[in-house]
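Given the structure is predicted, the values throughout are model-derived calculations rather than measurements. Residue numbers start at 1 and run along the sequence shown. Counting convention: from 1, in listed order, for ligands and their atoms alike.
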Amino acid sequence: MINVHSLQKSYQDTPVLHGIDFCVDKGEFFGIIGPNGSGKSTLLKMISGVIKADAGDILLQEKKLHSYPRKELAKILAVLEQEGLPPVGFRVREVLEMGRFPYQNWLGEEKQDVASLIDEIVQMLGLEHLEERTLDQLSGGEKQRVALGKALIQRPQVLLLDEPTTYLDIGYQIQLMDIVRKWQKTTQVTVIAVLHDLNLASLYCDRILMLHKGKQISVGTPKDILQSDRIEAVYGTRPIVMEHPVHHLPQIILQSQV
Ligand code: ADP
Ligand code: MG
């Protein structure tokens, strides 16, 4: 679905990404991890076409990403950014409707009747009782579900998520990740998610790319990537890695250094 070749990016003269090479298969749940400032958001912004690489290529369904017209790209790729919602004042249902922009003409009209599609997503996200509220009347977890809804309404083939669970409590973290997984199972969407929580990355990702100081350390399954030596080399702290008793995936336990 996505091929990334020898990607490089600098801001002014400071290199922030170099030697990035990986593929993401259709229907895969692909994670990107790495310490703060390692280039995760920059990489995601390049995959969404928001910023251009200095060198290297990104292919989307074997065609260069930059050869897609913006609206065509928006029919294929949707992004859940951390501050991706419009200013307050808009109602939940209006925000969701905005997600249909790739399918609308310049009058904001669409051929297809989308009310039932919106209803379906409202129900899946448990937003029924919030539809008429404005964004400023929502909690953090509710807002994040609306932002996800706006991305899903685009009916993308690729869903890009940048730290979707930041500021959410554990209940909302699992709820949001489960919604994405369920949606993925029914629609075969390809998910690329920047995740700062290594344990969530382990539970949800088929494969994980680990970045450190703009360099690709490795790509592999959670078991390959989440090893204490590797984590220590990249994050500067050595966790204990254990097998999850139910999911049989690695989970890390932090250790105090003093
Ligand atoms: P991450 O998402 O992993 O925390 P980012 O991709 O946001 O990392 O940033 C990678 C590096 O690039 C950081 O050192 C950051 O300061 C720098 N950076 C990010 N955006 C810009 C920008 N627009 N201009 C200059 N430097 C930037
Ligand atoms: Mg970031």
Side-chain angles (χ1 to χ4, degrees), residues 2-24 29-58 60 65-66 70 73 77-85 140-141 143-145 147-148 150-151 156 158-169 172-173 176-177 180 190-205 207-220 222 224-227 230-237 239 252 254:
I2 291 184
N3 285 282
V4 174
H5 290 300
S6 313
L7 213 58
Q8 272 184 47
K9 177 78 191 167
S10 298
Y11 285 121
Q12 287 84 42
D13 288 328
T14 314
V16 288
L17 281 176
H18 39 104
I20 310 294
D21 266 284
F22 62 91
C23 304
V24 181
F29 202 125
F30 190 86
I32 301 171
I33 63 169
N36 295 337
S38 55
K40 305 181 296 295
S41 294
T42 302
L43 176 56
L44 209 71
K45 281 184 190 145
M46 289 199 284
I47 298 172
S48 67
V50 173
I51 57 173
K52 262 189 153 169
D54 298 334
D57 274 324
I58 299 175
L60 173 64
L65 190 76
H66 285 284
R70 203 180 81 87
L73 194 61
L77 282 176
V79 191
L80 175 61
E81 280 170 309
Q82 270 183 297
E83 270 109 37
L85 284 177
K143 259 190 218 157
Q144 195 64 339
R145 269 184 286 151
L148 177 61
K150 180 167 169 269
V158 180
L159 179 62
L160 304 174
L161 309 168
D162 194 352
E163 302 204 358
T165 60
T166 313
Y167 310 125
L168 301 184
D169 65 43
Y172 278 129
Q173 288 179 27
L176 190 103
M177 295 299 285
V180 173
T190 305
V191 179
I192 304 181
V194 171
L195 295 168
H196 68 282
D197 186 315
L198 304 183
N199 288 335
L200 282 182
S202 177
L203 291 184
Y204 289 92
C205 298
R207 286 187 308 140
I208 296 173
L209 162 69
M210 191 183 225
L211 289 179
H212 184 38
K213 296 184 180 162
K215 261 177 57 188
Q216 176 170 332
I217 300 299
S218 48
V219 185
D224 293 335
I225 303 298
L226 299 175
Q227 298 183 16
R230 224 171 223 168
I231 294 171
E232 184 178 14
V234 166
Y235 288 89
T237 186
I252 69 162
L254 303 179

Inset, instruction - Taking the side chain as every heavy atom from C-beta outward, state whether Q144 and L80 have any pair of such atoms under 4.5 Å apart. - result: yes
Inset, instruction - Verify the distance test for S41 against the Mg ion (ligand 2): any N/O/S atom under 2.8 Å, yes or no. - result: yes
Inset, instruction - Would you mind checking which non-hydrogen protein atom is closest to atom 19 (C) of ligand 1, with the distance to 0.1 Å? - result: Y11 CE1, 3.3 Å
Legend entry - Nearest neighbour in protein (non-hydrogen) for atom 7 (O) of ligand 1: S41 CB, 3.7 Å
Inset, instruction - Assess P35 for proximity to ligand 1: is some non-hydrogen atom of it under 4.0 Å away? - result: yes
Inset, instruction - Under the side chain to side chain contact (heavy atoms under 4.5 Å, CB included) rule, what do I33 and I225 come out as? Steps first, then yes or no, please. - result: CA-CA 10 Å; I33 63 169; I225 303 298; 4.1 Å; yes
Legend entry - S6 backbone acceptor or donor facing D21 side chain under 3.5 Å: yes
Inset, instruction - Answer yes or no for atom 11 (C) of ligand 1: protein heavy atom present at a distance under 4.0 Å? - result: yes
Inset, instruction - Check if G34 has a non-hydrogen atom at a distance under 4.0 Å from any atom of ligand 1. - result: no
Inset, instruction - With sequence neighbours excluded, tell me which residues meet side chain to side chain donor-acceptor pair (under 3.5 Å) with T237. - result: Q257
Legend entry - Identified side-chain contact (heavy atoms from CB on, under 4.5 Å) partner of L77 from the options L160, T190, I192: L160
Inset, instruction - Give yes or no for whether the N/O distance cutoff of 3.5 Å, strictly under, is met between Q12 and ligand 1. - result: no
Inset, instruction - Find all atoms of ligand 1 within a distance of less than 4.0 Å from any non-hydrogen atom belonging to N36, and give their numbers and elements. - result: 4 (O)
Legend entry - Heavy atom of protein inside 4.0 Å of atom 16 (O) of ligand 1, strictly below: no
Legend entry - Heteroatom proximity flag, T42 to ligand 1, N/O under 3.5 Å: yes
Legend entry - Intermediate values then yes/no, side chain to side chain contact (heavy atoms under 4.5 Å, CB included), D197 and L195: CA-CA 5 Å; D197 186 315; L195 295 168; 5.6 Å; no
Inset, instruction - Under the salt bridge (charged side-chain N to carboxylate O under 4.0 Å, His left out) rule, collect the residues that match up with R230, sequence neighbours excluded. - result: none
Inset, instruction - Please say whether G37 places an N or O atom under 3.5 Å from an N or O atom belonging to ligand 1. - result: yes
Legend entry - Ring geometry between F29 and Y204 (parallel below 30°, tilted from 30 to 60°, perpendicular above 60°): tilted
